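The block underneath contains the structure these notes are about, expressed in structure tokens.
These figures come from a predicted structure and were not determined experimentally. Lettering follows sequence order; numbering is per chain, from 1.
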Number of protein chains: 2
Amino acid sequence: MALEHAILVSLDERSGSGYELARRFEKSIGFFWAATHQQIYRTLKRMVELGWVTGHEVAQDGRPDKKVYEVADAGRAELARWLASPGEPETIRHDLSVKVRGASLGDPAALVDEVARHRDLHAERLDVYLAVEKKDFPDPSALSGRRLHQHLVLRGGIRAERALVEWCDEVLVALREDDRR
Amino acid sequence: MALEHAILVSLDERSGSGYELARRFEKSIGFFWAATHQQIYRTLKRMVELGWVTGHEVAQDGRPDKKVYEVADAGRAELARWLASPGEPETIRHDLSVKVRGASLGDPAALVDEVARHRDLHAERLDVYLAVEKKDFPDPSALSGRRLHQHLVLRGGIRAERALVEWCDEVLVALREDDRR
DNA sequence: GTCCGCATGTAACTTGTTACATGATTTA
DNA sequence: TAAATCATGTAACAAGTTACATGCGGAC
């Protein structure tokens with residue numbers, strides 16, 4: 001399991017509450033690891049029990065109190081252990097591919113629309129990633145340490161989204177061509 | 001959920017037993033949708049109850065009996081409905097990215113090894129896909145219908161694995177460069 | 001005689017999803 | 001005054017993983 005580890009990485013970059021973590025999982029960290037607030041609260045609770053993080057309540061004025069979590073030594077040790085341990089490549093579950101493979105069993109035009117929709121969604125994500133890169137990493141060759149690692153992960157996102165956009169385009173051309181016959 | 005739908009697509013291409021499906025999910029279909037035999041047996045059971053597939057026992061000599069499943073009309077209708085319905089792009093969960101992002105907290109050399117391992121795994125997969133393409137789809141421009149759709153999905157796998165290999169290479173160069181300083 | 005392939009399953013557990021619940025403050 | 005943001009959670013359910021269980025036939 002890596003949600004714990006994703007949280008540890010995020011908390012190590014900056015301590016924060018469950019709510020703040022949930023927000024990060026909607027962007028930065030969320031670009032490569034998805035999680036909802038329910039999962040995060042549940043997991044943080046377990047991580048406190050395991051001694052991987054410590055939480056303390058912080059009073060705020062004009063806002064509800066929050067619990068801010070920090071990585072404990074045991075958490076850092078667990079992260080180091082996990083980083084060095086071999087993991088399997090991700091198990092793939094790609095809905096859209098299932099749909100394309102089953103195309104003959106449904107309405108061709110509807111499938112084309114669906115692929116086009118995904119194409120646009122991926123193109124949007126790609127634009128977001130490219131904008132982040134331009135803004136936050138204007139001189140990539142000068143990076144080192146944490147900043148370098150963050151940039152490398154972003155590069156992965158850019159490559160993945162670009163590949164998906166190009167694949168959708170290839171599929172669209174082929175499906176439309178096939179329909180015309 | 002799309003396991004049902006992946007099974008429907010696979011059974012539509014050819015009827016088969018739970019065991020046979022499990023094998024297909026280790027290759028062809030498994031290239032874009034992972035599932036274990038336990039999931040498949042469980043799901044087939046539910047699909048029979050839903051009337052999406054029908055199963056009948058087939059006696060074999062020298063081998064255990066098997067239950068062969070076929071897609072029913074209700075199953076084909078469900079597939080058509082699902083194909084036309086909009087779906088979300090996949091939620092990403094990429095372990096290796098979490099590890100790269102947390103690189104500063106562990107042993108740099110161990111991470112390099114881990115990335116290199118993944119690079120080789122993805123390169124192997126890529127080779128498999130390219131071999132399948134060469135063997136099964138020697139003349140892609142002549143394809144239509146089912147065969148075209150199968151080829152398009154394979155193209156997606158090729159693009160994805162290629163992107164991953166290239167990303168791993170980029171990460172390796174950058175991490176090794178960073179270590180040297 | 002031991003391991004591999006064929007063939008089907010149960011049980012226990014961990015993860016992930018969806019819906020619901022509460023309540024204060026700020027913004028439109 | 002209605003909606004959005006901040007903030008934390010419970011409960012029920014769906015899906016995925018891991019371990020265990022059984023038994024025949026053929027290959028080595």
Look at B/Asp139 together with B/Arg147 and state whether they make a salt bridge at an N to O cut-off of under 4.0 Å. no
State whether the side chain of B/Gln60 and the backbone N or O of B/Pro64 hold a donor-acceptor pair below 3.5 Å, judged by distance alone. yes
Is the shortest side-chain N/O distance from A/Gln39 to OP1 or OP2 of C/dT15 below 4.0 Å? no
Is any side-chain N of the basic residue among B/Arg155 and A/Glu170 closer than 4.0 Å to the acidic one's carboxylate O? yes
Take atom NZ of A/Lys45 and atom P of C/dT14, then tell me their distance rounded to the nearest Å. 15 Å
How many Å lie between NE2 on B/His56 and P on C/dA7, as a whole number? 14 Å
Out of D/dA15, D/dT18, C/dT15, minimum distance to the side chain of A/Arg42 belongs to C/dT15
Taking the basic N atoms (NZ, or NE/NH1/NH2) and the acidic carboxylate oxygens, is any pair closer than 4.0 Å for B/Glu20 and B/Arg23? no
Both A/His37 and B/His37 contact DNA chain D. Which one's nearest nucleotide lies toward the 5' end? A/His37
Rounded to whole angstroms, how far apart are CZ on B/Arg93 and P on C/dG16? 5 Å
Does the pair B/Glu13/B/Arg24 count as a salt bridge with the N-to-O cut at 4.0 Å? no
May I ask you to say whether A/Arg76 pairs ionically with A/Asp73, meaning some side-chain N is under 4.0 Å from a carboxylate O? yes
Taking atom P of C/dG16 as reference, at what distance in whole Å does atom CD1 of B/Ile92 sit? 15 Å
Identify the pairs formed between an N or O of the protein and an N or O of nucleotides 1-7 of chain D at a distance under 3.5 Å, and give each distance.
{"from": "D/dC6", "atom 1": "OP2", "to": "A/Tyr19", "atom 2": "OH", "distance (Å)": "2.9"}
{"from": "D/dC6", "atom 1": "OP2", "to": "A/Arg23", "atom 2": "NH1", "distance (Å)": "3.0"}
{"from": "D/dA7", "atom 1": "OP1", "to": "A/Gln60", "atom 2": "OE1", "distance (Å)": "3.1"}
{"from": "D/dA7", "atom 1": "OP1", "to": "A/Gln60", "atom 2": "NE2", "distance (Å)": "2.3"}

Verify side chain to side chain contact (heavy atoms under 4.5 Å, CB included) between B/His56 and B/Glu70, making sure each step is shown before the conclusion. CA-CA 9 Å; B/His56 51 272; B/Glu70 271 173 84; 3.1 Å; yes
When the distance from CZ of B/Arg46 to P of C/dT10 is rounded to whole Å, what number comes out? 14 Å
Roughly how many Å is it from CH2 in B/Trp33 to P in D/dG16, rounded to a whole number? 7 Å
Measure from CD on B/Glu57 to P on C/dA7 and round the result to the nearest Å. 13 Å
I need the NE2-P distance between A/His5 and C/dT14, as an integer number of Å. 15 Å
With nearest nucleotide decided by heavy atoms, which residue, A/Gln38 or A/Leu3, maps closer to the 5′ end of DNA chain C? A/Leu3
